[in-house]
Structure formats: structure tokens, C-alpha cells
Trainee: 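Structure in C-alpha cells, see below.
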Amino acid sequence: MTYRPTIGLEIHAELKTNGKMFCGCLNDPDERHPNLNVCPICLGHPGTLPTINKKAVESVIKTGLATGCRIAGVSKFDRKNYFYPDLPKGYQISQYDKPLCLDGFLEISGDKIRVRRIHLEEDTGRLVHVQGGPSASSGQSASLIDFNRAGVPLMELVTEPDIKSAREARKFAEELQLILRYLGVSSADMEKGEMRCEANVSISEDAAKPGVKVEVKNLNSFKSVERAIEYELQRQAELLEAGEKIVQETRGWDENKEKTFSQRLKEEAHDYRYFPEPDLPPLNTSLFDLEKIKAEIPELPHYRRPRFKEEYKLSDEQVEILVSEKELGHYFEQVISELKEWDSSRHRAKLAPEHFDAIIKLTANYLISDLMSLLNESGDAAKDLLITPENFAEFVVMIHQGDISSKAAKIILKEMYGSGADPSHIMEEKGLSQLSDTGEIEKVVKEVIDLNPKAAADYRAGQKNAMQFLAGQIMAKTKGRANPQIVQEILSKLLTE
Ligand code: ZN
Ligand code: MN
């Protein structure tokens, strides 16, 4: 029996704002000292009043515009009532029937996944479970609460159940993360809990009769999103095969056991007793300059991909790396623009326009392999690079023109990375210049052939490995500086004359 999977995602992302959602406390996800960024408002003291964080609203509007949503004319906040130890007010201020953004979509590998809504709410505090308890001698475990995160602006995006596979769900989440980062509205780091996914999963035999929906929570990595959905589709199919019923429920994902497990029977919206937040007036979005927010949206990944491919003729893999590493992609384009405006009078290395395409390829190769591994080793961000785009451009031209060997290039790049120094200076300082002048090389080749008549005769008599001996002599005579490719060319030319 084959079943049709129906998958929808709910994705929460913490917004990168200075303050919290409804108070002036710092929104600092890196604060390690517990309960430092708190005040009576985010601690839920009675009688306190919330005020709306404008930047948070703008961030959600920006995300909505970037995902093709329409922005509601009037939006409002509601109370979602439930008890949880890390929810000091006993309710969360969220948005129920009038979310900020509606009816958007994202295209994932040609499939249109509709975005039902994006709304704004506040995050809860964080429970810290410790062994040993508050007094370590007790030997008992205890749960502590850190309210630094309570009241942090949280965006929630809900898709329509348009997703057809676990793989596609993962891709959607990855693409959304990338968009949030391009927009600069959230760091969306799943490892840090800045972005969290839940999936609604059901299967059915025919499209007309949707199956029973199971919600899977605790998906804290892209891998978990994919694995948990795969597991759940399999589990539900096995139940149906065995003639059993699927229960509507909320299930958690156990990352270690790679299994979902029942947490609670699914609550309905009415269980939360939503009602309009009495302390906040409806939000009139005409007070926001939508055109200005729109103008701040940078070129998004789905536009950048085809442009990079077309303009620079890069491979799909190269494009994907330069698009997902936004800063590196930006740096790549800065280097290209330096190359376009190459001023030969200012550089030792000369750039011939007909070699431009080859140099772009070389630039992408060195950025993606060599520069990226230096960045990964050091943990530095591409935006903090000491190498100016101009110096990187010169470096690539030097390689292309044969001024330096690929071995010397690695040494020079490492030096540039550490100090930001000019590549031609490093080359001179370290004596790394490569001899690529054919006239000069030919002179040495002739000398070596004259000095080794036996090896030359051996080669001409069919002993091909005599060539290696001669090439070795030439490299030794030039102290390893001769361009090996040119040496080979001249050597075989002179030996077959
Ligand atoms: Zn506060
Ligand atoms: Mn929520």
C-alpha cells in the first residue's frame, strides 16, 4: 500500500532586536548569567503594561514581504492561555485571528509551498535541568528557570500542508533560515534554539480524505526535521497496514533513539482560551512605511542563484556555497568588480581581458576551497577578512599568469590571511616568484641538454623517463622556481626537434 504524505511546518525564530517584545530589557541571546535581563513586565508582575517593539513588527513585515505574503491592514495581539513553569504570566501574548502576514509562498526545487501566516509573539523563559539540585550535596535533580529569554520577540511561520516529503520539509527549513539571515532579522541558529521547527504529519490513501494529523515537536536541527518526519511517516504507515488507528496527538522527537514518542493528546485552539490582549490596541500597519521596509530587502537567495550561475558560469555546487555563505558570496562579487576595473599600471600582474572567464573560475575555486578552509580552521567570519578584495584579485591574477606556482599560492594566501599583506610583496619577500618567462626557461633547458647529452640521446632513443631526469636538473638549476608546465613544453619541443 502506498500512502500520500501531507506535511506542514510551524517554524519559530527569535528576532534579532535590541530589546524584548514588550519591555525595554536587553534581548541578548549570548547572556550566560541567568535572570539578568528581566523586569516586572517580562516577569509577569500584575499591573504591568506591555508596549510593542516596533523593530520586531518591522522584521516580521519584512519577512512577510520577502515570502510573498500580503500584510494585514489591521493586526492584533491575543492572549494564549496555558500554564508552563517558564511562562511567568500564565499566558503568552501571541496573534490568533489577525496575524501580521498572510498567504505567501516559498519555492522549493520548483514546488510552491504556501505560507499560511506569519505572526509575532513572545518567547518563554528557559528551563535548566540540573543533577545535584540547587544545593549540590542533596544529590537530587532539580529544574531551574532562566527568564532572560522570556519576552524575546518570536516570529512564527506556518505553512499550508503542501510539503510532500521529509527531504522537502528539510529544504524548506533551510531555505527559510537562509532568507532570515539575508534579511538580517534573525540569526536563526538551530543549535542555539534561535530557530525551532514543528511538523504536522499525516498520511492517507486518497487525496480527498486527509489522514489524522500528528504534531512532532522538539526538532532542533535540520537533520532532526528530516529524520523525525521520515520516522513518523513510516510509523503511521505501519499502523494503517496493521489495521490500527492513528491518534491525533503531539509527539516528541528523541534524537538519540531516533524515535518519536507520545507527549500528550493534541489540544485544540479553544483549549487556549484565546482572547484579544486587553492591554494592547489593534496594530494599524499603515503606520509602517511598507515601501521603505521593502526597499531594505536585499537580493534574496532565489534570485541570487540563477544570477550567479548565468553571470559567472559557475557550477551548481559553487553557486550553492556562495549563496548559502552570504558574506563569502558578497566578497566574491567584490573581487570580481576589482578584476573588472583592473588597472594594469597599479599592479605588477597584468590581466588580459580574454582570460576573464578563466580568472572568475579561478577566483571561485580559491574562495571555496582554500579561503573557506582557512576561515573554517580559524572560525573567523568572512566579513572580518583582512584580505582586501583588491589584494585577493591580484593574488588570483598572479596565479593565472603563472607568476606563482600553486604551491607558492597556498603559502602566500595563508600569509595574506593572517596579515592582510599584499600578495606581490609576500612573493618577493619570501622569494616565491615563479619563473614563467619562456625565453629564460629555454636558455636553461638548452644548457641542461648540452650538459647531459646521454640523457637527451636516451630520450630520443625511446627511453621516455629520461625526460624526468632532465626536468629535475632544470628545476634544480632554477632553484625550483621554473614553471613546471613551461619546462615540460620547452623540453619536449627541444628534444623532438
Ligand atoms: Zn523586561
Ligand atoms: Mn508559537
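First listed ligand is number 1; within each ligand, the first listed atom is number 1. Sequence positions, counted from 1, serve as the residue numbers for this chain.
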Trainee: Looking at side-chain heavy atoms only, is the closest gap between Y417 and D380 below 4.5 Å?
Mentor: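 Side-chain contact under 4.5 Å: yes.
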Trainee: Could you list the residues that satisfy salt bridge (charged side-chain N to carboxylate O under 4.0 Å, His left out) with K292, not counting sequence neighbours?
Mentor: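 K292 satisfies salt bridge (charged side-chain N to carboxylate O under 4.0 Å, His left out) with E296 only.
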Trainee: Any N/O/S atom, side chain or main chain, of H12 closer to the Mn ion (ligand 2) than 2.8 Å?
Mentor: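 It does: H12 brings an N, O or S atom closer than 2.8 Å to the Mn ion (ligand 2).
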Trainee: Leaving waters out, which protein N, O or S atoms fall under 2.8 Å from the Zn ion (ligand 1)?
Mentor: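 Metal shell, protein only: C23 SG, C25 SG, C39 SG, C42 SG.
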Trainee: Using 2.8 Å as the threshold, say whether any N, O or S atom from E121 sits that close to the Mn ion (ligand 2).
Mentor: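 Checking the Mn ion (ligand 2) against E121, an N, O or S atom does fall under 2.8 Å.
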Trainee: Which value, rounded to the nearest 0.5 Å, describes the distance between E58 atom CD and L100 atom CG?
Mentor: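 Reported value, rounded in 0.5 Å steps: 11.0 Å.
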Trainee: Are F22 and F77 near enough that their ring centres are under 6.0 Å apart?
Mentor: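 Yes; F77 has its ring centre under 6.0 Å from that of F22.
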Trainee: Does NZ or CZ of R170 come closer than 6.0 Å to the centre of the six-membered ring of F222, within 45° of the ring's axis?
Mentor: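 Ring-cation test returns no.
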Trainee: Evaluate the criterion salt bridge (charged side-chain N to carboxylate O under 4.0 Å, His left out) for residue pair K223 and E255; output intermediate values, then yes/no.
Mentor: CA-CA 10 Å; K223 194 179 116 199; E255 221 162 46; over 6 Å; no
Trainee: Stepwise, does the salt bridge (charged side-chain N to carboxylate O under 4.0 Å, His left out) test hold for E232 with R251?
Mentor: CA-CA 9 Å; E232 194 50 31; R251 297 177 72 86; 3.6 Å; yes
Trainee: Hey, which N, O or S atom on E156 ends up closest to the Mn ion (ligand 2)?
Mentor: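 Closest N, O or S atom of E156 to the Mn ion (ligand 2): OE1.
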